[in-house]
Amino acid sequence: MPTIRNLVRLSFISSFGLASLLIFVLISSSPVQERLLVHDEIHTLPQEFQINGDADPQHILTLTIELVSNNMTGLEKELYAVSDPKSERYGQHLNRSQVDSFVRPSAQASTTLNKWLADQGITTTSKSSAENLIKIQVPVEKANVILNTTFQSVTHIPSNRSMVRAMTYSLPERLAHHTQGIYPITNLPKPSVASPLVKRRAVNATFRRGVDAGCDQAITPVCIQDLYNIPGDTPDQGATGGIGIIAFDGANIKGSDTANIDTQVVLGIAPHNPVTIYAHPANSEGLTDLLDAVGFLSGQSNIPQVIVLNYGTAIPFIIVITNSSPPVFPESTDGSDQGVQNAICNAIMQMGTQGISVVVSSGNGGVIGIATPFDPCFNSTSFLPTFPSTCPYVTSVGATLLSSGTEIGSPNSASGFSNIFSQAPYQADAVNGYLKQIGSLYNGRFNASGRGYPDIAAISGHVWTVSDGDENIVYTTLSSAPTVAAIIADLNTQRQSQGKSPLGFLNPLFYSNPHVLTDITQGNNPGCGTDGFPAKKGWDAITGLGSPNYTTLQQIV
């Protein structure tokens with residue numbers, strides 16, 4: 001079997017490139033005053049944050065400016081044209097240059113921004129491929145002046161993380177209508193509490209696929225293969241597409257026999273697929289870190305064909321993570337995060353048009369969304385959707401458990417309906433069918449016209465892992481997303497050997513062929529004083545369309 005050492009590549013993401021950039025700011029004399037318009041503001045901080053006072057004037061802010069793209073509506077049409085199996089253009093994915101033609105801002109927008117930055121003596125440090133995402137660095141004292149605001153030191157109480165944010169900012173009138181937003185200013189990172197690591201035994205063990213004791217005892221690659229009819233010894237077909245795993249908050253290799261859960265599950269199920277780990281620096285900026293990562297990946301012309309965004313990178317296996325900020329977030333409730341969440345979703349759409357499948361975990365908090373020491377229902381009875389699962393261009397994976405040999409929805413499986421993104425066209429019939437089944441259940445607690453998630457689900461629970469040669473058991477929902485990613489990567493390899501394109505954006509294929517998935521009809525995910533959403537026949541808001549079946553999926557792809 002190939003070893004982890006020759007399968008795992010490690011890349012470091014810095015801004016929108018792979019190498020650290022020399023960053024500097026030139027402070028000029030005061031520019032000519034012009035009319036400023038409030039571009040974004042928040043009125044109160046969430047209960048888990050506190051303001052400590054004005055920020056250090058010399059503190060250097062790293063900000064991402066997002067300019068308005070010229071034709072994202074057209075790009076969405078392209079995405080569905082190449083992703084819908086009923087389309088004549090199915091599988092005819094766009095190249096990077098074609099995608100950029102839709103995303104690139106107008107010449108006037110770029111010229112206006114460049115002129116404004118030059119007037120302030122600020123130098124751009126990096127740009128995305130389409131030049132719609134521009135990164136700058138600027139001292140707090142200067143940012144206060146040019147953005148007409150006051151940056152303050154803010155602490156996230158549960159994690160004791162400090163950051164610099166402002167409650168409002170303004171832009172010159174000439175620039176405002178060209179600008180989607182600047183991040184992070186008003187948006188706040190909201191990290192979750194990672195699933196706990198429970199060490200049950202320690203024996204000297206190199207990486208292997210595990211001893212099958214059945215998925216009801218411990219989740220191993222072997223039991224996953226048995227559960228989902230995945231071939232145990234698929235031949236090496238020269239896979240080149242592979243899988244990319246994004247790891248956040250600083251990472252380093254700790255040993256050739258260790259791996260994070262994502263990597264262990266992927267290599268255990270599909271050992272011949274190369275894995276690239278994209279390690280993001282430890283900036284602790286939450287959504288802005290995620291925007292950096294997907295902004296970088298969406299601008300590349302040669303990246304893995306399946307990307308995994310999982311929320312459990314806090315648990316150290318191949319990538320040693322400290323103070324991890326996991327990439328699953330509460331969806332914006334006050335509008336402060338909506339701009340950056342839209343930017344992330346648009347970057348994911350760009351990947352989809354290029355034939356990249358983006359697979360994300362739905363979260364670990366049931367209808368609450370994410371486990372947190374603060375009660376998210378304290379000031380509201382509404383359920384809390386999770387992002388990026390609510391983005392309509394990802395494949396959101398919920399969690400299941402085995403109960404007396406039957407796969408049921410996990411009570412930890414985060415699910416629900418978006419308050420930002422509308423119901424996706426590919427899921428209208430399936431989701432509306434579920435809404436009819438549950439009738440008036442939880443009326444007013446969720447947005448019935450929003451994008452429903454998860455799309456599918458996979459096994460979770462007591463996951464078998466290896467760390468520093470020791471075997472461990474972790475109770476987590478982390479195994480679900482990499483399980484799906486491994487299956488898709490293996491199917492992509494088979495398609496590649498037949499001269500076919502990768503599967504790309506998966507949801508139109510899944511919703512057009514629900515019969516290839518195993519419908520889960522039991523389980524619920526309680527929270528906010530309720531039993532949560534119930535599993536039902538067909539799509540439901542806990543397990544989506546159901547769990548994968550390799551054999552039936554293979555027949556349609």
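These numbers come from a predicted model, not from an experiment.
The closest side-chain donor-acceptor pair between S97 and N95, if any, does not fall under 3.5 angstrom. For the residue pair T493/N273, the side-chain donor-acceptor check at 3.5 Å is satisfied. With hydrogens and angles left out, the side-chain atoms of N507 and Y393 include no donor and acceptor closer than 3.5 Å. For the residue pair N525 / S410, no side-chain donor-acceptor distance below 3.5 Å is found, with atom types taken as modelled. In the model, S129 has a side-chain atom that pairs as donor or acceptor with a side-chain atom of D100 under 3.5 Å. A donor-acceptor contact closer than 3.5 angstrom links the side chains of N229 and N549.
Proximity of T543 to D540: side-chain heavy atoms (C-beta onward) are separated by under 4.5 Å at one or more points. V266 has its side chain within reach of P482: a pair of non-hydrogen atoms, C-beta onward, lies under 4.5 Å apart. Side-chain contact between I556 and T552: absent, with no pair of heavy atoms (C-beta onward) separated by less than 4.5 Å. Looking at heavy atoms from C-beta onward, Q494 lies out of side-chain contact with K500 at the 4.5 angstrom threshold. A heavy-atom distance below 4.5 Å is found between the side chains of I134 and L67. In this structure the side chain of L553 reaches within 4.5 angstrom of the side chain of P548, judged on heavy atoms. When side chains are defined from C-beta on, V358 does not count as touching T395, because their heavy atoms never get closer than 4.5 Å. At least one side-chain heavy atom of D490 sits under 4.5 Å from a side-chain heavy atom of Y550.
Judged by distance alone, with hydrogens and angles left aside, the side-chain atoms of D84 form no donor-acceptor pair with the main-chain N or O of Y80 at under 3.5 Å. Not a single donor-acceptor pair under 3.5 Å links the side chain of S512 to the backbone N or O of L509. The backbone N or O of L503 sits less than 3.5 Å from a side-chain atom of N492, completing a donor-acceptor pair. Side chain of R451 to main chain of S422: no donor-acceptor pair is present (N/O by atom type, distance under 3.5 Å, no hydrogens or angles). Here the side chain of Y228 pairs a donor or acceptor atom with the backbone of I459 at under 3.5 angstrom. Looking at S361, its side chain never comes within 3.5 Å of a backbone N or O of A481 through a donor-acceptor pair. Using modelled atom types, no side-chain atom of W539 and backbone atom of I456 make a donor-acceptor pair closer than 3.5 Å. When atom types are taken as modelled, the side chain of S83 and the backbone of L79 share a donor-acceptor pair closer than 3.5 angstrom. With hydrogens and angles disregarded, no donor-acceptor distance shorter than 3.5 Å links the side chain of S389 to the backbone of T386. N447 places a side-chain N or O within donor-acceptor distance of the main-chain N or O of S418, the cut-off being under 3.5 Å.
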For this session: Applying side-chain contact (heavy atoms from CB on, under 4.5 Å), run through T276 and I245 and close with a yes or a no.
Result: CA-CA 6 Å; T276 301; I245 297 171; over 6 Å; no

Problem set entry | side-chain contact (heavy atoms from CB on, under 4.5 Å) between F387 and Y453, intermediate numbers included | CA-CA 10 Å; F387 181 86; Y453 74 99; over 6 Å; no

Exercise. Does the side-chain contact (heavy atoms from CB on, under 4.5 Å) test come out yes or no for M351 and L297, once each step is laid out?
Worked result: CA-CA 8 Å; M351 286 191 271; L297 288 173; 3.9 Å; yes

For this session: Output, in order, the C-alpha distance, side-chain angles, deciding distance and verdict of side-chain contact (heavy atoms from CB on, under 4.5 Å) for S69 and R104.
Result: CA-CA 5 Å; S69 296; R104 185 173 290 109; over 6 Å; no

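Y511 and Y426 have tilted rings, their planes meeting at an angle from 30° to 60° on a 0 to 90° scale.
Under the side chain to side chain contact (heavy atoms under 4.5 Å, CB included) criterion, Q423 pairs with Q427, A428, V431, N432, not counting sequence neighbours. The side-chain hydrogen bond (donor to acceptor under 3.5 Å, both in side chains) test applied to T400 returns E407, not counting sequence neighbours.
Within 6.0 Å of CD on E88 lie no more than 12 heavy atoms contributed by other residues, nucleotides or ligands.
Residue K537 comes nearest to Q437 through the heavy atom pair O-NE2, 2.9 Å, listed as atom of the first residue, atom of the second, then distance. Among all heavy-atom pairs drawn from P105 and S110, the shortest one is CB-OG, 4.2 Å. A pairwise comparison of heavy atoms in A485 and V306 identifies CB-CG1, 3.7 Å as the closest pair. Shortest non-hydrogen contact noted between G91 and S501 is O-OG, 3.1 Å.
If you look at F533 and F417, their ring centroids are closer than 6.0 Å.
Taking CZ from F505 and CD1 from I348, the interatomic distance works out to 10.0 Å, rounded to the nearest 0.5 Å. Taken to the nearest 0.5 Å, the CG atom of L75 stands 7.0 Å off from the CG atom of L94. Separating the CD atom in Q305 from the CD atom in Q496 is a distance of 6.5 Å, to the nearest 0.5 Å. H462 NE2 to I219 CD1: the interatomic distance, rounded to the nearest 0.5 Å, is 9.0 Å. The distance from the CD1 atom of I487 to the OG atom of S357 is 12.5 Å, given to the nearest 0.5 Å. Going from atom CD1 of I420 over to atom CD of Q338 covers 4.5 Å, rounded to the nearest 0.5 Å.
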Atom pairs and distances, donor-acceptor, side-chain atoms in residues 514-522, under 3.5 Å, two or more places apart:
from	atom 1	to	atom 2	distance (Å)
D519	OD1	G538	N	3.4
D519	OD2	G538	N	2.8

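Salt bridge K135/D292: present, at least one basic N to carboxylate O contact under 4.0 Å.
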